[in-house]
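The basis for the numbers below is simple: all heavy atoms, side chains too, and nothing from hydrogens, waters or symmetry mates. Numbering of residues begins at 1 and proceeds along the displayed sequence.
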Amino acid sequence: MDKLNIGFALTGSFCTFKRVIPVMRLLKEAGHNIIPIMSYNAYNTDTRFGKAESFISEIEGFTGNKIIASLNDAEPIGPKKLLDILVIEPCTGNTLAKLAAGIADTPVTLAAKSHLRNQRPLLIAISSNDALAGAAKNIGMLQNYKNVFFVPYTQDDPQEKPNSIVAKFEKTEEAIKAALNGTQIQPILIG
């Protein structure tokens with residue numbers, strides 16, 4: 001892959017941050033320019049999975065870029081054609097619903113709207129406890145949208161959380177390559 005400007009957006013699936021941030025780091029180590037973006041909740045909320053300021057400091061430290069965390073900072077992404085691809089990883093059910101409905105009221109959803117106006121790929125890595133329930137229709141809608149692609153995903157705990165889906169984050173780089181070529185790698189994996 002040529003060196004890319006990759007927008008990497010995190011939404012509030014806090015339990016996956018420690019699996020997603022290493023993916024971002026690997027892309028940076030491969031020589032790509034990582035432009036981090038966070039939803040309001042991801043940027044401002046301390047949880048049992050970590051402090052917001054710790055995640056912010058870590059991400060800004062290794063990317064060398066300030067996190068886009070406001071609507072004003074997200075809006076120029078499209079007009080200035082800042083990104084080759086935008087990855088939303090993790091992408092919550094709430095963000096999926098907003099994307100499917102065309103709502104752009106967070107830094108992440110506005111970044112997606114602004115980026116898609118350039119006919120460039122948006123790659124979604126789902127992490128949602130209701131993906132096979134309330135969010136299922138939004139996933140179906142988005143899988144039919146032009147220039148929207150998915151990191152392959154699977155149920156993460158079919159017995160205890162039968163509606164929960166999580167992307168195979170380790171397939172992000174492969175999915176980026178495919179999306180840049182306008183193709184979707186197998187989106188649904190069993191096991």
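- One N or O on the side chain of Ser114 and one on the backbone of Gly78 form a donor-acceptor pair closer than 3.5 Å.
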Item to check | Worked verdict on Thr154 versus Lys168 for side chain to side chain contact (heavy atoms under 4.5 Å, CB included) | outcome: CA-CA 7 Å; Thr154 190; Lys168 294 287 193 178; 3.5 Å; yes

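- Under the 4.5 Å side-chain heavy-atom criterion for Ile, Leu, Val, Met, Phe, Trp and Tyr, Met24 and Phe49 are members of the same hydrophobic cluster.
- Remark: the backbone N or O of Val166 is not paired with any side-chain donor or acceptor of Ser127 at under 3.5 angstrom.
- Hydrophobic cluster membership is shared by Ile88 and Tyr153, with clusters built from Ile, Leu, Val, Met, Phe, Trp and Tyr side chains linked at under 4.5 angstrom.
- With Lys3 contributing its side chain and Ala30 its backbone, the two residues share a donor-acceptor pair below 3.5 Å.
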Next on the checklist: Could you go through Tyr145 and Leu122, starting from their C-alpha distance and side-chain angles, then the distance that decides it, and tell me whether this counts as side chain to side chain contact (heavy atoms under 4.5 Å, CB included)?
Outcome noted: CA-CA 10 Å; Tyr145 285 6; Leu122 169 64; over 6 Å; no

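- Between Asn5 and Leu82, the closest heavy-atom pair is CB-O, 3.3 Å.
- Between the side chain of Glu60 and the backbone N or O of Ile67, at least one donor-acceptor pair lies under 3.5 Å.
- Two residues are said to be in side-chain contact when any heavy atoms from C-beta on lie closer than 4.5 Å; Asn65 and Pro36 meet this criterion.
- With no hydrogens or angles considered, a side-chain donor-acceptor pair links Lys146 and Gln119 at under 3.5 Å.
- Between Thr106 and Thr95 the shortest side-chain heavy-atom distance does not fall below 4.5 Å.
- Looking at heavy atoms from C-beta onward, Ser164 lies out of side-chain contact with Asp157 at the 4.5 angstrom threshold.
- Among all heavy-atom pairs drawn from Arg19 and Ala167, the shortest one is NH2-O, 4.0 Å.
- Side-chain atoms of Thr92 do not come within 3.5 Å of backbone N or O of Gly12 as any donor-acceptor pair.
- Contact record, Leu110 with Ala104: CA-CB, 3.9 Å, taken as the closest heavy-atom pair.
- Side-chain contact between Pro121 and Leu180 is present, with at least one heavy-atom pair separated by less than 4.5 Å.
- Cluster annotation: Phe14 is connected to Ile56 through the hydrophobic network of ILVMFWY side chains, with a link wherever side-chain heavy atoms come within less than 4.5 Å.
- With respect to Lys98, the side-chain hydrogen bond (donor to acceptor under 3.5 Å, both in side chains) criterion is satisfied by exactly one of Thr109, Asn138, Asp105: Asp105.
- When every heavy atom of Lys161 is checked against every heavy atom of Asn129, the shortest pair comes out as NZ-OD1, 3.6 Å.
- No continuous path of hydrophobic side-chain contacts links Ile103 to Ile139 [ILVMFWY only; heavy atoms under 4.5 Å].
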Item to check | Steps toward side chain to side chain contact (heavy atoms under 4.5 Å, CB included) verdict (Asn41, Asn94) | outcome: CA-CA 11 Å; Asn41 286 335; Asn94 186 56; 5.7 Å; no

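- In terms of heavy atoms, Leu83 sits closest to Ile35 at CD2-CD1, 3.5 Å.
- Looking at Leu123, Ile85, Ile124 one by one, the single match for side chain to side chain contact (heavy atoms under 4.5 Å, CB included) with Phe149 turns out to be Leu123.
- Asp46 places a side-chain N or O within 3.5 Å of a backbone atom of Ala52 that can act as its donor or acceptor partner.
- Side-chain atoms of Asp84 never come within 3.5 Å of backbone atoms of Ile6 as a donor-acceptor pair (strictly under, hydrogens ignored).
- Of the possible polar contacts, none joining the Asp73 side chain to the Ala69 backbone as a donor-acceptor pair under 3.5 Å is found.
- For the atom pair Cys91 SG and Leu99 CG, the distance stands at 5.5 Å (nearest 0.5 Å).
- In this structure, Lys171 places its NZ atom where only 12 or fewer heavy-atom neighbours from other residues, nucleotides or ligands lie under 6.0 Å away.
- In the hydrophobic clustering of this structure, Phe62 groups with Leu10; members are Ile, Leu, Val, Met, Phe, Trp, Tyr whose side-chain heavy atoms approach within less than 4.5 Å, directly or through other members.
- With rounding to the nearest 0.5 Å, the separation of CD1 in Ile34 from CG in Leu4 is 8.5 Å.
- One finds the CD1 atom of Ile68 at 4.5 Å from the CD1 atom of Ile37 (value rounded to the nearest 0.5 Å).
- Distance CZ/Phe17 to CD/Glu89: 11.0 Å, rounded to 0.5 Å.
- Here Leu86 contributes atom CG and Leu116 contributes atom CG; the two are 7.5 Å apart, rounded to the nearest 0.5 Å.
- Among all heavy-atom pairs drawn from Leu71 and Pro107, the shortest one is CD2-N, 3.9 Å.
- Here the OG atom belonging to Ser54 is positioned 10.5 Å from the CD1 atom belonging to Ile59, to the nearest 0.5 angstrom.
- Although no hydrogens or angles enter the test, the distance criterion places a donor-acceptor pair under 3.5 Å between the side chain of Gln184 and the main chain of Phe150.
- Without hydrogens or angle criteria, Thr183 side chain to Ala178 main chain gives a donor-acceptor distance under 3.5 Å.
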